[in-house]
Amino acid sequence: MDFAGKTVWIIGASDGIGAALARALAQEGARLILSARNQAALEALAASCGDARVLPLDLADTGSLDAAVASIAPGTLDAVICTAALYNPGRVQDMSREATAKLVAVNLLGSFEVARLTPPLLRDGGQLVLFGSVAGYFGLPGGQPYSATKAAVNNLAETLRAELSPRVDVRLVCPGFVSTRLTDKNDFSMPALITPDQAAAAVVKGLKGSSFELHFPKRFTCAVKLLRALPYALSLRLTARLSVKPADR
Ligand SMILES: NC(=O)c1ccc[n+]([C@@H]2O[C@H](COP(=O)([O-])OP(=O)(O)OC[C@H]3O[C@@H](n4cnc5c(N)ncnc54)[C@H](OP(=O)(O)O)[C@@H]3O)[C@@H](O)[C@H]2O)c1
C-alpha cells in the first residue's frame with residue numbers, strides 16, 4: 001500500500017515501535033489516529049505527525065476499545081495496526097495469577113477484540129496488522145507468559161487471514177529484538193538488536209509488499225524458524241541449555 005493520503009489507526013502508538021511507525025507513516029503522508037493509554041505521550045507524538053488525531057484507550061478495559069471504535073465511521077480506514085502489548089517475562093513457577101491475567105488481557109484478549117471490532121472500519125482491501133513475535137515461534141525458558149500470548153497472536157493472524165481475505169488484507173509482524181522500554185527489561189545480551197526506527201522501516205516496507213508475515217531482522221528470525229522446524233528431540237535439548245535456574249538469577 002502507498003500510504004500517501006491514507007488513514008491509519010495505530011493502537012500502541014505512544015512508545016517504542018508504534019511511535020516509530022507513526023513517525024515513519026507520517027513521513028509517507030499518512031493521516032494517523034494514535035491510540036494507547038498515555039494521552040500526553042500521544043499528544044506530543046501527534047504534534048510531530050501532521051494532523052494526527054489522538055484517541056486514548058486501554059485494551060485491558062472492555063468498554064474502552066468499543067468507545068474508540070464507535071467514534072470512527074465504518075469503511076473510512078485504510079489500515080489498523082495493533083502494536084500494544086505488555087512484557088513481564090519470567091519462569092512459570094515464579095508467576096502470579098494476577099500479573100498473568102493482566103498480560104493475557106492486553107496481549108491476547110486485546111488482539112482478539114481488535115480483530116473482532118475493527119474490520120468494519122476498514123475500506124475494502126484495507127490492512128489489519130497484528131504484532132506477534134519471534135518469541136511465539138518456540139517456547140524458550142524464562143519468556144512466559146509473554147511468549148505464549150505471542151504464539152497465540154501469530155495463530156490468530158493465520159486464522160484471520162483465511163477468514164477475512166480478500167476484503168481485509170491481514171498481516172502478521174514478528175520482530176526479533178528491538179531496543180524499546182519493553183526489551184529494557186531483559187538482563188541478557190540480545191542478538192541482532194535493532195532500533196525502533198529500523199523496525200518501523202521494515203514494517204512500512206513490508207506493508208507496501210504482499211507477504212503475510214513480516215519478520216526481521218532475518219539473520220535472527222530465520223535461525224529461530226529453523227529451531228522450530230527441528231524435531232523436538234533436538235530443539236528441546238538446545239533450549240534446555242538456555243534454561244535459567246532459580247539459583248542463577
Ligand atoms: N521490542 C521487541 O524486541 C519486540 C520483539 C518482538 C515483538 N514485539 C512486539 O512489538 C509490539 C511493540 O513492542 P514495543 O517494544 O514497541 O513495546 P513498548 O515500547 O512497550 O510499546 C508498547 C505500546 O503498547 C501500548 N500499550 C500497552 N498496554 C496497553 C493497553 N492496555 N492499552 C493500550 N495500549 C497499551 C503502550 O502505551 P501505553 O503505555 O501508553 O498504553 C505502548 O505504546 C508489541 O506487540 C511487542 O510484543 C516487540
Side-chain angles (χ1 to χ4, degrees), residues 9-24 32-46 54-69 80-89 99 101-115 117-118 129-138 140 143-154 156-157 171-186 188-200 202-203 206 213-217 220-221 224:
W9 185 13
I10 304 177
I11 303 171
S14 66
D15 215 317
I17 302 170
L21 203 44
R23 289 188 294 268
L32 300 174
I33 304 174
L34 304 174
S35 292
R37 293 166 300 176
N38 186 335
Q39 184 165 355
L42 292 174
E43 279 166 2
L45 178 65
V54 168
L55 186 56
L57 65 84
D58 182 352
L59 276 187
D61 167 359
T62 45
S64 184
L65 181 65
D66 301 69
V69 166
V80 174
I81 303 175
C82 182
T83 71
L86 296 177
Y87 181 66
N88 192 14
K102 187 166 182 207
L103 197 137
V104 170
V106 175
N107 296 12
L108 184 52
L109 294 181
S111 296
F112 266 96
E113 285 298 90
V114 168
L117 296 170
T118 66
V129 184
L130 295 183
F131 270 63
S133 174
V134 166
Y137 288 173
F138 199 93
L140 298 176
Q144 298 296 354
Y146 174 83
S147 52
T149 66
K150 289 291 157 178
V153 172
N154 295 353
L156 169 64
R171 304 297 188 94
L172 171 66
V173 181
C174 289
F177 289 111
V178 184
S179 178
T180 65
R181 67 180 188 179
L182 185 147
T183 45
D184 283 349
K185 293 178 178 170
N186 288 338
F188 55 86
S189 149
M190 291 175 270
L193 184 68
I194 60 172
T195 66
D197 287 340
Q198 289 173 312
V203 174
E213 188 197 10
L214 317 179
H215 62 97
F216 51 83
F220 179 65
T221 54
V224 189

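Keep in mind that this is a model prediction, so the values were computed, not measured. First listed ligand is number 1; within each ligand, the first listed atom is number 1.
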(request) For ligand 1, note which part of Ser179 has a heavy atom under 4.0 Å away: side chain, backbone, both or neither. (result) neither
(message) I need the Ser14 OG to Arg181 CZ distance, nearest 0.5 Å.
(response) 5.5 Å
(request) Please round to the nearest 0.5 Å and tell me the distance separating atom NZ of Lys150 and atom CG of Leu130. (result) 8.5 Å
(request) Ignoring angles and geometry beyond distance, decide whether Leu86 reaches within less than 3.5 Å of ligand 1 through its nitrogen or oxygen atoms. (result) no
(message) Nearest non-hydrogen contact with atom 5 (C) of ligand 1 belongs to which option: Ala200, Gly176, Ser133?
(response) Gly176
(message) Minimum distance, heavy atoms only, to atom 42 (C) of ligand 1: which one of Lys102, Arg181, Arg37 is it?
(response) Arg181
(message) Is any side-chain heavy atom of Leu172 closer than 4.5 Å to one of His215?
(response) no
(message) What protein heavy atom lies closest to atom 35 (C) of ligand 1? Include the residue and the distance to one decimal.
(response) Ala84 CB, 3.7 Å
(message) Considering non-hydrogen atoms of the protein only, which is the closest contact for atom 19 (O) of ligand 1, and what is the distance?
(response) Gly16 CA, 3.3 Å
(request) Report yes if Gly12 has an N/O atom closer than 3.5 Å to an N/O atom of ligand 1; otherwise report no. (result) yes
(message) Looking at Asn186 and Phe188, would you say the former's side chain and the latter's main chain have a donor-acceptor pair under 3.5 Å?
(response) no
(request) Could you tell me which atoms of ligand 1, counted from 1 in the order shown, lie closer than 4.0 angstrom to a heavy atom of Thr183? (result) 1 (N), 2 (C), 3 (O)
(request) Output the list of atoms in ligand 1 that are nearer than 4.0 Å to some heavy atom of Leu57, sorted by atom number. (result) 32 (N), 33 (C)
(request) Do me a favour and list the nearest non-hydrogen protein atom to atom 10 (O) of ligand 1 with residue, atom name and distance? (result) Phe131 CD2, 3.3 Å
(request) For the residue pair Thr149 and Asn107, confirm or rule out a side-chain donor-acceptor distance under 3.5 Å. (result) yes
(message) With the threshold set at under 4.0 angstrom, would you say Gly132 reaches ligand 1 through any of its heavy atoms?
(response) yes
(message) Tell me the contacting part of Lys150 for ligand 1: side chain, backbone, both, or neither, using a 4.0 Å heavy-atom threshold, strictly below.
(response) side chain
(request) Determine, considering heavy atoms only, which of Leu103, Thr180, Val178 sits nearest to atom 15 (O) of ligand 1. (result) Thr180
(request) With Phe177 as reference, evaluate Tyr87, Phe216, Phe220 under the ring-ring contact (aromatic ring centres under 6.0 Å, His included) test and give the passing residue. (result) Phe220
(request) Flag the pair Asn154 / Cys174 as yes when at least one side-chain heavy-atom distance between them is below 4.5 Å, and no otherwise. (result) yes
(request) Please tell me if the side chains of Leu59 and Cys82 come closer than 4.5 Å, counting only heavy atoms from C-beta onward. (result) yes
(message) Tell me whether Ile17 has any N or O atom under 3.5 angstrom from an N or O of ligand 1.
(response) yes
(message) Has Arg171 got a side-chain atom pairing as donor or acceptor with Gly206's backbone, closer than 3.5 angstrom?
(response) yes
(message) On a heavy-atom basis, I'd like to know which of Asn38, Val134, Thr83 is closest to atom 45 (O) of ligand 1.
(response) Thr83
(request) Pick whichever of Tyr87, Tyr146, Phe177 has a heavy atom sitting closest to atom 9 (C) of ligand 1. (result) Tyr146
(message) Students should be able to answer this: which protein heavy-atom is nearest to atom 32 (N) of ligand 1, and at what distance?
(response) Leu59 N, 2.8 Å
(request) Answer yes or no: is there a side-chain heavy-atom contact under 4.5 Å between Val114 and Trp9? (result) no
(request) Kindly indicate whether the side chain of Thr180, heavy atoms from C-beta on, has any atom under 4.5 Å from the side chain of Ile17. (result) yes
(message) Nearest 0.5 angstrom please: Lys102 NZ to Leu86 CG, how far?
(response) 6.0 Å
(message) I need the nearest protein heavy-atom contact for atom 13 (O) of ligand 1: residue, atom name and distance, please.
(response) Leu182 CD1, 3.8 Å
(message) If the test is side-chain contact (heavy atoms from CB on, under 4.5 Å), which one of Leu57, Leu117, Leu55, Val80 qualifies with Val69?
(response) Leu117
(request) Measure the distance from atom 37 (O) of ligand 1 to every protein heavy atom, then report the residue, atom name and distance (to 0.1 Å) of the closest one. (result) Ser14 OG, 2.7 Å
(message) Measuring from non-hydrogen atoms of Ala41 to any atom of ligand 1, is the shortest distance under 4.0 Å?
(response) no
(message) So if I count the atoms of ligand 1 from 1 in the order they appear, which ones are less than 4.0 Å from some heavy atom of Asp58?
(response) 30 (C), 31 (N), 32 (N)
